[in-house]
Amino acid sequence: MRTAAVLLFLALQQAAAPPLLFDPIQPDLFALGGSFVNAWADADADGDPDLFVGFNGTPNRLYRNDGGVFTDVAAAAGVADARPTRAAAWGDADADGDPDLIVGFAPGQAAAGVPAPPLLRLYRNDAGRFTDVAPAAGLAAIAAGAVRQLAWVDIDADGDLDLFVAFRDRPNAMFRNQAGAFTDVAPDLGLADPRKSVGAVWFDADEDGDLDLYVGNMDGDANGLFRNEGGRFTDVAAAAGLEWGGRAPGDAANGTVRPCAADVDGDGRFDLFMANYGPNGLFLNRGGGRFEDVSRAWGVAIDGRYDACAFADIDHDARLDLYVNGTVTGGTSYRDYLFRSSGRAFVDVTPPALLALHADHGVQWADADGDGDLDLALTGSRPDGMHSLLRNPLAAAAARRSLFVRVLDARGRATRAGAVVRVFAAGTRRVLGAGIVDTGSGYNAQNDLPVHIGLATDTAVDVEATFPAAGRQATGIARGIRPGRTISMAVKAP
């Protein structure tokens with residue numbers, strides 16, 4: 001009864017807040033259905049984020065952003081594959097200072113005398129034009145398997161990005177990057193998990209100075225939390241209370257599609273949300289590798305079928321809000337949810353215009369129009385669906401109450417996936433906001449974007465960026481930073 005009363009009180013509070021009426025951006029351009037994955041990066045180095053969208057057999061698109069106006073340049077850029085696309089990740093794979101793109105496809109069919117096409121293409125970025133270098137990199141040999149989550153992470157702290165690949169139907173892979181040549185070392189490291197993996201996210205779950213891996217599995221398989229122990233990994237999900245992620249244990253009709261890591265309760269630690277087939281899960285990080293299930297107390301344990309999650313402070317009140325995509329399965333289109341956070345629970349504030357879109361896979365937040373707040377990119381897999389881009393109509397003064405923090409290495413390259421950004425009240429250690437450099441987001445995607453921190457006031461703050469590397473912490477600090485800015489912070493290797 002107490003939980004119900006709290007949720008009712010919070011709902012009344014939220015009802016008094018301004019409605020979130022997201023406006024479509026270029027709706028005629030972002031209209032085609034049959035899309036699964038979307039991911040953001042500044043592909044042409046002009047200072048604003050560009051958007052890749054992967055489709056189910058129609059040519060993929062790369063939308064170049066010119067001051068908030070988008071143009072599809074995929075064909076000219078060389079990434080307009082007309083193959084069913086299931087995953088995409090941006091990362092500086094060759095450490096030359098610009099984001100490269102890896103794309104994962106559904107398996108193709110072998111023809112007479114012709115082998116099945118490779119599942120992965122690694123597109124090297126050369127000034128906004130892309131060349132597939134997967135064969136030279138050793139990534140073209142994989143022709144069978146259901147590719148799901150791709151993630152660029154520097155697991156060995158040697159300064160370049162390695163590649164994690166989750167599979168729905170074969171053991172997961174971990175490709176170590178050695179001067180641009182990739183070798184699968186997952187069996188040696190304990191990461192060749194044979195369960196039916198779909199989503200994954202890397203973060204320092206036990207705060208010991210290295211990156212751990214949480215994997216969401218389907219068809220009744222338990223999830224995995226792979227603790228990094230000196231570069232080798234052990235599944236500790238059961239001990240941490242995370243093996244089922246809020247869904248029914250061992251139920252073959254249940255599974256986790258997308259885990260998301262975010263500081264949900266504002267204590268500076270990173271919590272886990274699971275978009276599930278079955279009730280969704282929210283587990284708060286209590287420190288020392290321990291997590292507490294607060295799914296019901298926070299109002300998110302909704303039993304249905306969900307594909308993706310994405311956190312963002314959409315109203316700049318210094319609390320992270322949440323978008324959850326319902327899926328399309330068995331003839332049912334499960335609804336989406338936009339949850340606003342009160343700091344103690346989530347309340348459904350989904351406007352009717354969002355419900356009408358029937359988005360069901362990709363969901364990403366990015367500042368598409370450069371005004372300081374986060375806009376919403378969605379995909380829908382139905383042929384009559386969409387891949388909408390929606391503007392956040394936050395008032396200008398509130399929109400400027402934010403910081404964008406770009407975490408780079410000592411050579412100015414974006415090789416710090418998994419780094420944590422924390423913002424403190426100036427001169428104190430009081431946490432005002434925290435975010436993580438993307439290691440897996442939306443639906444089987446990874447962005448290459450600055451970390452966004454919404455702020456409740458426009459006063460100066462201190463910013464700390466920490467990179468967990470091989471059991472040691474590398475940290476950069478910037479003091480007295482005013483909101484309304486994008487800053488770059490170099491974090492050297494420890």
Side-chain angles (χ1 to χ4, degrees), residues 21-40 49-65 69-75 77 79-89 101 103-108 121 146-150 168 198-199 257-258 275 277 304-310 323-338 350-366 368 375-391 441-445 447:
L21 304 176
F22 286 83
D23 306 315
I25 296 173
Q26 296 176 248
D28 292 337
L29 180 65
F30 296 98
L32 183 66
S35 55
F36 280 85
V37 62
N38 53 1
W40 293 90
D50 310 297
L51 177 63
F52 175 82
V53 181
F55 289 84
N56 195 31
T58 54
N60 294 335
R61 297 187 180 184
L62 175 61
Y63 291 104
R64 186 184 65 213
N65 183 354
V69 177
F70 289 83
T71 306
D72 178 18
V73 298
V79 295
D81 295 289
R83 294 175 57 187
T85 299
R86 296 294 181 266
L101 175 66
V103 182
F105 303 98
R121 284 188 171 171
V147 175
R148 291 300 185 260
Q149 181 64 51
L150 301 168
R168 186 86 157 67
V198 180
V257 180
R258 170 82 252 141
Y277 277 33
R305 298 290 182 266
Y306 305 96
D307 271 337
C309 48
Y323 197 96
V324 182
N325 266 351
T327 195
V328 176
T329 184
T332 300
S333 181
Y334 289 86
R335 60 157 291 189
D336 292 3
Y337 287 88
L338 176 60
T350 318
L354 286 183
L355 290 175
L357 293 175
H358 291 285
D360 56 60
H361 279 79
V363 52
Q364 300 286 356
W365 296 96
D375 309 297
L376 179 61
L378 299 169
T379 71
S381 65
R382 301 188 315 178
D384 63 345
M386 50 79 235
H387 59 289
S388 295
L389 182 57
L390 303 156
R391 180 179 290 109
S441 63
Y443 178 78
N444 300 339
N447 303 304

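Residues take their numbers from the sequence shown, with the count starting at 1.
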For the residue pair [X] and [Y], what are the closest heavy atoms and their distance?
X: Leu150; Y: Gly104; value: CD1-N, 3.9 Å
X: Gly199; Y: Arg258; value: CA-NH1, 3.9 Å
X: Gly326; Y: Tyr306; value: CA-CD2, 3.8 Å
X: Asn325; Y: Asp360; value: ND2-C, 3.8 Å
X: Ala445; Y: Gln149; value: O-NE2, 3.2 Å
X: Ala308; Y: Gly442; value: CB-O, 3.6 Å

- Just checking, any donor-acceptor pair under 3.5 angstrom between side chains of Thr350 and Arg335?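 Yes, a side-chain donor-acceptor pair sits under 3.5 Å.
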
Point-to-point distance, once rounded to the nearest 0.5 Å, from [atom1] of [X] to [atom2] of [Y]:
X: Ile25; Y: Asn65; atom1: CD1; atom2: CG; answer: 8.5 Å
X: Asn56; Y: Arg86; atom1: CG; atom2: CZ; answer: 4.5 Å
X: Leu354; Y: Leu378; atom1: CG; atom2: CG; answer: 7.0 Å
X: Asp50; Y: Phe70; atom1: CG; atom2: CZ; answer: 7.5 Å
X: Ser388; Y: Asn38; atom1: OG; atom2: CG; answer: 10.5 Å
X: Met386; Y: Ser381; atom1: CE; atom2: OG; answer: 8.5 Å

- Query: Quick one: side-chain contact (heavy atoms from CB on, under 4.5 Å) partners of Thr327, sequence neighbours excluded?
  - Reply: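 Thr327: side-chain contact (heavy atoms from CB on, under 4.5 Å) contacts with Tyr277, Arg305, Asp307, Thr329, Tyr334, His361.
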
- Query: Do Arg61 and Leu32 pass the side-chain contact (heavy atoms from CB on, under 4.5 Å) test, and can you show the C-alpha distance, the side-chain angles, and the key distance before you say yes or no?
  - Reply: CA-CA 11 Å; Arg61 297 187 180 184; Leu32 183 66; 3.7 Å; yes

- Item | All ring-ring contact (aromatic ring centres under 6.0 Å, His included) counterparts of Phe105, not counting sequence neighbours |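 With neighbours one apart ignored, the set is empty.
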
- Message: Restricting to ring-ring contact (aromatic ring centres under 6.0 Å, His included), what partner residues turn up for Tyr337, sequence neighbours left out?
- Response: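 With neighbours one apart ignored, the set is Phe339.
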
- Query: Pick from Asp81, Asp72, Thr85: which one makes a side-chain hydrogen bond (donor to acceptor under 3.5 Å, both in side chains) with Asn60?
  - Reply: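 The option that passes is Thr85.
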
- Message: Under the criterion side-chain contact (heavy atoms from CB on, under 4.5 Å), I'd like the reasoning laid out for Val79 against Val103: C-alpha separation, chi angles, the key distance, then a yes or no.
- Response: CA-CA 9 Å; Val79 295; Val103 182; over 6 Å; no

- Quick one: does Arg148's side chain get under 4.5 Å of Tyr443's, heavy atoms only?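 Yes, side chains in contact.
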
- Query: Hey, does Tyr63 have a side-chain heavy atom less than 4.5 Å from the side chain of His387?
  - Reply: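 Yes. Closest side-chain heavy atoms under 4.5 Å.
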
- Go through the steps to decide whether Leu389 and Leu29 satisfy the test side-chain contact (heavy atoms from CB on, under 4.5 Å), and finish with yes or no. CA-CA 9 Å; Leu389 182 57; Leu29 180 65; over 6 Å; no

- Just do the side-chain contact (heavy atoms from CB on, under 4.5 Å) check on Val53 and Phe30 with the steps written out, would you? CA-CA 10 Å; Val53 181; Phe30 296 98; 5.7 Å; no

